[in-house]
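Since the structure comes first, as structure tokens, the remarks are kept for the end.
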Amino acid sequence: MSLLEHLDELRARILRVFIAYIIISIILFAPLNLFYSNSDETTSKNSVVASNPLDYIIMAMVNFLNRLSGQEYDSLTTRFIIFTKEYMLPENTVIISGGATVAIFTIIKTTLTLSILLISPYVAYEILAFVWPALYPHERRIVRKYVFIASVYLLMGILVGYFIVARSVVRAGYFWSISVGAQYYLNISNFIDDVITSMLGSLIVFVVPLAMIIATELGFLNPHSELIKNRKILYTIAWILLVFFLPDVTAVILFLIFILVYEPSFIYMKHIAKRKIRESGAIT
């Protein structure tokens with residue numbers, strides 16, 4: 001294929017990813033109760049005009065706009081936010097909006113973030129399909145081998161970030177507030193930002209050891225080098241980076257998780273190095 005053909009293929013794949021992103025975002029954001037209402041009064045009104053299709057469409061559009069403005073609005077995104085609030089926050093926590101447009105922008109921001117996470121497997125597929133013809137046979141074997149391992153690492157990063165890191169950060173804030181006799185008020189936007197930051201931070205913590213494993217497999221990294229073997233230096237660098245980007249209790253939690261993830265990964269890196277030495281000896 002010529003350069004222009006490669007660029008045209010890349011454009012088509014990016015377009016498909018963008019379309020998938022838009023579709024998932026619409027599914028998450030669209031009201032689930034578009035054609036029904038929790039209100040008995042609204043339901044009875046709908047049943048009266050249901051015999052006229054045009055009136056029914058008009059009523060549905062009015063209900064849709066009402067729900068977008070916050071009246072009985074129910075979507076997959078709002079259900080995620082409500083579940084997150086109930087899972088992570090103590091019962092006596094007060095959630096405030098903090099502004100007329102804060103809630104809707106929080107819903108949009110959460111929708112866009114969830115959409116990125118949900119289409120990430122498809123994005124990985126499109127990237128892999130694009131570069132696959134250019135890979136050497138041994139590189140293709142490595143990719144096949146690590147597709148499952150990479151999926152496990154990434155999934156664990158997201159789940160640990162949501163169920164452990166984010167909850168721990170929010171709960172720590174609550175207990176610190178209680179210890180000084182303060183009422184625990186949270187802005188809904190700041191709360192969701194903390195959750196997203198915890199998830200992304202945890203994802204990075206899992207991605208770094210994964211990248212080191214793959215680099216070892218490709219021969220770009222030696223686990224017996226001084227930097228990798230000396231845990232004090234490596235952990236110091238990780239701690240400085242975490243504190244620089246996350247100067248709060250989140251850095252402490254992610255640092256502990258990084259140690260727990262890196263240690264077994266380092267053992268596997270040494271196993272890879274020994275196997276490569278045996279294979280090179282056998283070839284010789």
Side-chain angles (χ1 to χ4, degrees), residues 10 13-14 17 113-166 196-246 250-280:
L10 180 61
R13 294 187 182 280
I14 293 176
V17 169
T113 303
L114 292 177
S115 298
I116 292 175
L117 296 177
L118 290 175
I119 71 166
S120 57
Y122 178 66
V123 174
Y125 163 77
E126 289 290 354
I127 294 175
L128 186 59
F130 180 72
V131 303
W132 187 260
L135 298 179
Y136 290 104
H138 73 281
E139 293 174 334
R140 294 184 179 183
R141 289 195 297 270
I142 292 174
V143 170
R144 291 192 188 99
K145 178 180 179 180
Y146 282 98
V147 163
F148 175 75
I149 296 177
S151 300
V152 172
Y153 266 76
L154 296 178
L155 181 61
M156 288 297 297
I158 294 174
L159 294 179
V160 169
Y162 181 82
F163 288 101
I164 297 178
V165 180
I196 293 175
T197 300
S198 299
M199 294 174 64
L200 295 180
S202 177
L203 188 61
I204 294 174
V205 163
F206 275 79
V207 165
V208 171
L210 171 64
M212 296 176 72
I213 290 176
I214 297 177
T216 303
E217 187 72 60
L218 294 174
F220 298 144
L221 192 64
N222 181 10
H224 299 291
S225 63
E226 190 63 29
L227 175 61
I228 305 301
K229 189 168 57 176
N230 192 332
R231 309 289 214 289
K232 294 181 180 179
I233 298 177
L234 187 64
Y235 289 157
T236 300
I237 295 174
W239 172 250
I240 292 174
L241 291 175
L242 287 171
V243 172
F244 179 79
F245 289 103
L246 300 168
T250 311
V252 179
I253 300 173
L254 289 177
F255 179 69
L256 296 177
I257 292 176
F258 176 76
I259 295 176
L260 294 176
V261 175
Y262 177 76
E263 287 300 326
S265 300
F266 177 70
I267 295 174
Y268 186 60
M269 289 164 59
K270 291 194 297 183
H271 170 74
I272 294 173
K274 291 180 181 179
R275 174 174 54 78
K276 294 176 74 69
I277 292 175
R278 289 196 303 267
E279 291 175 352
S280 62

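Index from 1, following the sequence. These figures come from a predicted structure and were not determined experimentally.
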Quiz item: Which heavy atom of Leu135 sits nearest a heavy atom of Glu139, and at what distance?
Solution: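 Closest pair (atom of Leu135, atom of Glu139, distance): CA-OE1, 3.4 Å.
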
I want to check something: taking the side chain as every heavy atom from C-beta on, are [X] and [Y] in contact at a cut-off of under 4.5 Å?
X	Y	value
Trp239	Phe258	no
Asn222	Ile228	no
Leu234	Arg231	no
His138	Glu217	no
Ile257	Phe206	yes
Val208	Ile204	yes
Leu117	Met199	yes

Quiz item: So, does Arg140 use its side chain to make a donor-acceptor pair with the main chain of Trp132 at under 3.5 Å?
Solution: yes

Quiz item: Does Lys276 have any salt bridge (Lys or Arg N to Asp or Glu O under 4.0 Å) partners at least two apart in sequence or in another chain, and if so, which?
Solution: none

Self-check item: side chain to side chain donor-acceptor pair (under 3.5 Å) contacts in which one or both residues fall within residues 197-209, not counting sequence neighbours
Solution: none

Exercise. Assess whether atom OH of Tyr122 is packed by more than 12 heavy atoms of other residues, nucleotides or ligands within 6.0 Å.
Key: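 Yes - once you tally the heavy atoms of other residues, nucleotides and ligands closer than 6.0 Å, there are more than 12.
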
From [atom1] ([X]) to [atom2] ([Y]), nearest 0.5 Å:
X	Y	atom1	atom2	answer
Leu260	Leu256	CG	CG	7.0 Å
Ile158	Ser120	CD1	OG	5.5 Å
Ile127	Arg13	CD1	CZ	10.5 Å
Ile277	Ile272	CD1	CD1	12.5 Å
Thr216	His224	OG1	NE2	9.5 Å
Ile213	Leu218	CD1	CG	12.0 Å

Quiz prompt | Result of checking Val165, Leu242, Val205 against Ile253 for side chain to side chain contact (heavy atoms under 4.5 Å, CB included) | solution =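 Running side chain to side chain contact (heavy atoms under 4.5 Å, CB included) over Val165, Leu242, Val205 with Ile253 returns exactly one hit, Val165.
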
Name each donor-acceptor pair under 3.5 Å that joins a side chain in residues 147-157 to protein atoms two or more places apart or in another chain, with its distance.
{"unit_1": "Ser151", "atom_1": "OG", "unit_2": "Val147", "atom_2": "O", "d": "2.8"}
{"unit_1": "Tyr153", "atom_1": "OH", "unit_2": "Ser265", "atom_2": "OG", "d": "2.7"}

